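The structure appears right after this line, and notes come after that.
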Amino acid sequence: MLLSPFRLSPNIHCLPVVNGSGDCALAVRRWLLRHQCDCLAVALPGSFRSAVLDGVEQLPSPSIVLQQPSVSYEQQWTPESDIEDDEEDLELESQEAWSYVPVDPCQPMIMALRVALGEHWPIKFCDLETNYYQPWATVMPDPFALRNVPLEKFAAALLPSMTRPIQEQVVQRLEHMAWRLKQLEERYENIVFVCSILEWPWLYEIYQDRYGGTKTPVASELSKDENEAELPLHDSVETPKRYAVSENSLIFLFGELPFITGLFERARAELEDDENLAIDGVKQLLMSARSSYRQDLGKRARKITPLLLTQCLKYIRNQSLIEHRMTPDLYTIAVSAQQILGDQYSIHLVDTARNYPYVEAFGLSEAVLGIDQVRLPEPDGGDTVSVVSRLPGQPMSWRSLELKRKPAKQELDQWKQQWNPHSQCSWPPEDNVIESFRARVFDRARALIGADLARSEKFSTSIKDGIDIRETLRHWYDNEIYVKVMPPSVGAMDCAVMLFEQNANPRDFPWRTTWFAEHKNESTLAFYATNFAEEMIGPGIALATYGGAMFLFPPVPIPDIWHDPRLHFAESLEEKLVGAACLHARESQIALLSPAAPSAALRKIARRYRKRLVHIPLSSFNDATVQQLRMVHVLNGSEVRSYAEHFIRKA
């Protein structure tokens, strides 16, 4: 009695795998290195042997082995059907898909071949040659369970849900593989046959029905002759050809994300533990995307704190569980990053996920993959053909995610050439946000002014502005309750200065101008910012970053402060803004939002104009909010406002 469900016979061990799974590939490697094997057989046709093994030897550089279907002419030509046959041939040729084998490091069958080459085991390709390959795949549980569940239990748990194959080609392939394994059994004692987990139970059934019984030598010879006469014949096929794969299209070749596949290969090269990379790789992906995001956006990037990354990971986990998965796919990761960390971070995450560091052509022509399509290189015609994989993984559903992309260099150059330097205006949604923030700064400054006049008194008939806990505890021995008395705000405020950086370098902020209000709800604005011409984001749309700004509300017309001779005494950008605020403010108090308390030079300027600076720490506001407020989009005319929202991207 055979104890293992994978045993076809005492000499043949079947190893069913889930194609396209890195966790299953690791399970296959562990299994092969723990068991005896003197011959590795795989469920691939012999015509792919040379090209596939060449590709495996050149791993970790990926490649694809393509086989073109050969055109057969079975009907005789007649003059009446000449035109009709030509049209039918063209139609059939356009519908017939090429078959391919992905030489992917995370494919379990490729991993088995890789181990066999390293251990110098004989390798046999046992599948039937089929001209038009019909893939067979179905939805299966997440192979992540193989980290804790043996491969035998995982495969046995799937048996009740497996359906019997109904395609004639699949049945013929199984019959041929069973016969081929019976032939190999006469030469080898420990054969390991790697096939799809969907093929394993029906291959076992066919093998036991045909070759499993005990027979006399004469009966065995007669049965062998009868079985060989019933075997399906090989199709006439073209010789497969191997291609390199475009780096940008590797995501359509790999079963895992290219970034995580690269982590598996790095761990293999550096002899590190790779058992948990399917999950730890997601964390490394988020951190690597954060580095790319910071490098691209610089000071405009929002702070990606460990708390935000933790929230993003929780979002990814919850979305994966909703979709009945144990590991997330790229769509789930990208959506979670977009919801928690914004469009720009999500774009960098997707770009990072597509990055695979071990790409080398080895002199091969480069093919470009798409969704079930391949564009051949120019030497082979440059045509786009439909393809099916001979190692099909689980069925995929492609979903769209709207992200505002970064423009290409050619577009940037074109937009710069078309810019009109004599026409500038702001983007109204940003005006509303910055004016709302200015109002908050005014309110905060008024509260600070009132706090200086606050006092405490014993409770009598009213709690007034609330219980003063500090004074109550201080006079606990009196058994008295003290309440706060906040006097009404004294005076008004019509000017605010916001300094987002301390000791700003004038070279970093070359754009200095004064903008006037378009309506009564806007402030007169004077500011210094980065050069908007260096960052074009759309046709007639540029982006700059505030270094500092002065707001006068209600708006009043003033001269351009950067050319006003009355302010030539200012030695820095900050002194220029504070001097202009003191010069044009009608009230005696000015709100100053800055990272640190006003310097002696700024206080001296305020005393010169008999003004008082009310300091508000910049840290009292959310960092992400401040970073968003610092971004100012410059439009090349009011007509650009009609389509600006399609190009403006927030950090």
Side-chain angles (χ1 to χ4, degrees), residues 292-302 334 337-338 341-351 400-438 498 500-501 507-519 521-549 551 560 562 624-651:
S292 173
Y293 169 74
R294 287 174 175 174
Q295 184 178 2
D296 182 26
L297 295 182
K299 296 180 181 179
R300 293 190 294 104
R302 66 174 65 180
Q338 181 191 35
L341 303 170
D343 274 29
Q344 287 305 293
Y345 179 83
S346 184
I347 289 174
H348 283 81
L349 184 141
V350 172
D351 290 339
S400 60
L401 175 62
E402 184 178 354
L403 295 173
K404 295 177 180 177
R405 65 178 180 86
K406 187 176 180 179
K409 186 177 182 304
Q410 293 180 350
E411 293 176 322
L412 293 176
D413 295 339
Q414 181 181 1
W415 295 338
K416 286 182 180 180
Q417 293 176 358
Q418 296 174 349
W419 185 272
N420 179 10
H422 303 292
S423 179
Q424 294 178 8
C425 67
S426 60
W427 191 44
E430 283 182 346
D431 295 340
N432 297 334
V433 172
I434 198 71
E435 290 297 334
S436 175
F437 185 73
R438 187 262 311 153
M498 302 181 190
F500 298 107
E501 293 190 14
R507 295 181 179 179
D508 295 337
F509 303 99
W511 184 36
R512 302 155 197 171
T513 189
T514 301
W515 278 356
F516 301 102
E518 297 185 45
H519 50 80
N521 294 325
E522 284 189 354
S523 304
T524 299
L525 175 63
F527 62 89
Y528 57 89
T530 58
N531 186 8
F532 65 85
E534 295 180 355
E535 189 160 1
M536 309 293 295
I537 66 169
I541 307 172
L543 176 64
T545 303
Y546 285 125
F551 297 83
D560 186 359
W562 306 103
T625 302
V626 173
Q627 292 298 329
Q628 293 296 311
L629 289 170
R630 292 188 63 183
M631 299 172 60
V632 51
H633 289 87
V634 187
L635 309 184
N636 199 201
S638 58
E639 65 277 2
V640 182
R641 290 174 174 173
S642 61
Y643 61 84
E645 63 179 350
H646 299 293
F647 293 90
I648 291 179
R649 303 171 292 130
K650 291 295 185 180

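These numbers were taken from a predicted model, which means no experiment stands behind them.
Rounding to the nearest 0.5 Å gives a distance of 11.0 Å between CD of Gln338 and CD of Gln344. To the nearest 0.5 Å, the span separating CZ on Arg294 from CG on Asp296 amounts to 13.5 Å. Between Ile648 atom CD1 and Asp343 atom CG the span is 13.0 Å, to the nearest 0.5 Å. Atom CD1 of Ile434 is separated from atom OG of Ser426 by 11.0 Å, given to the nearest 0.5 angstrom.
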Review point. What do the steps show when you test Gln295 against His348 for side-chain contact (heavy atoms from CB on, under 4.5 Å), and what is the final call?
Key: CA-CA 10 Å; Gln295 184 178 2; His348 283 81; over 6 Å; no
Practice item. Start with the C-alpha distance between Met498 and Phe551, add both sets of side-chain angles, then the distance that settles side-chain contact (heavy atoms from CB on, under 4.5 Å), and finish with yes or no. Key: CA-CA 8 Å; Met498 302 181 190; Phe551 297 83; 3.6 Å; yes
Practice item. Walk me through it: do Leu341 and Tyr293 pass the test side-chain contact (heavy atoms from CB on, under 4.5 Å)? Key: CA-CA 11 Å; Leu341 303 170; Tyr293 169 74; over 6 Å; no
Exercise for review: Assess whether side-chain contact (heavy atoms from CB on, under 4.5 Å) is satisfied between Phe509 and Phe527, documenting all intermediate values.
Suggested key: CA-CA 10 Å; Phe509 303 99; Phe527 62 89; over 6 Å; no
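By the 4.5 Å heavy-atom criterion applied to side chains, Asn521 and Glu435 are not counted as neighbours. Within the 4.5 Å cutoff, the side chain of Tyr643 has heavy atoms near those of the Ile541 side chain. With contacts defined as side-chain heavy-atom distances shorter than 4.5 Å, the pair Asp431/Trp515 does not qualify. Side chains of Cys425 and Arg641 form a contact here, defined as non-hydrogen atoms less than 4.5 Å apart.
Minimum heavy-atom separation, Leu543 to His633: CD1-NE2, 3.5 Å. Heavy atoms only, all atoms of each residue included: Trp427 and Leu635 are closest at CD1-CD1, 3.9 Å. Closest non-hydrogen pair, Val640 versus Pro539, comes out as CG1-O, 4.0 Å. Nearest approach of Ala549 to Leu525, heavy atoms of both residues: CB-CD1, 3.8 Å. Considering every non-hydrogen atom in both Trp562 and Thr514, the closest pair reads CD1-OG1, 4.0 Å. A pairwise comparison of heavy atoms in Phe532 and Ala542 identifies O-CB, 3.4 Å as the closest pair.
The aromatic rings of Tyr546 and Phe500 sit parallel, their planes meeting at an angle under 30°, below the 60° perpendicular limit.
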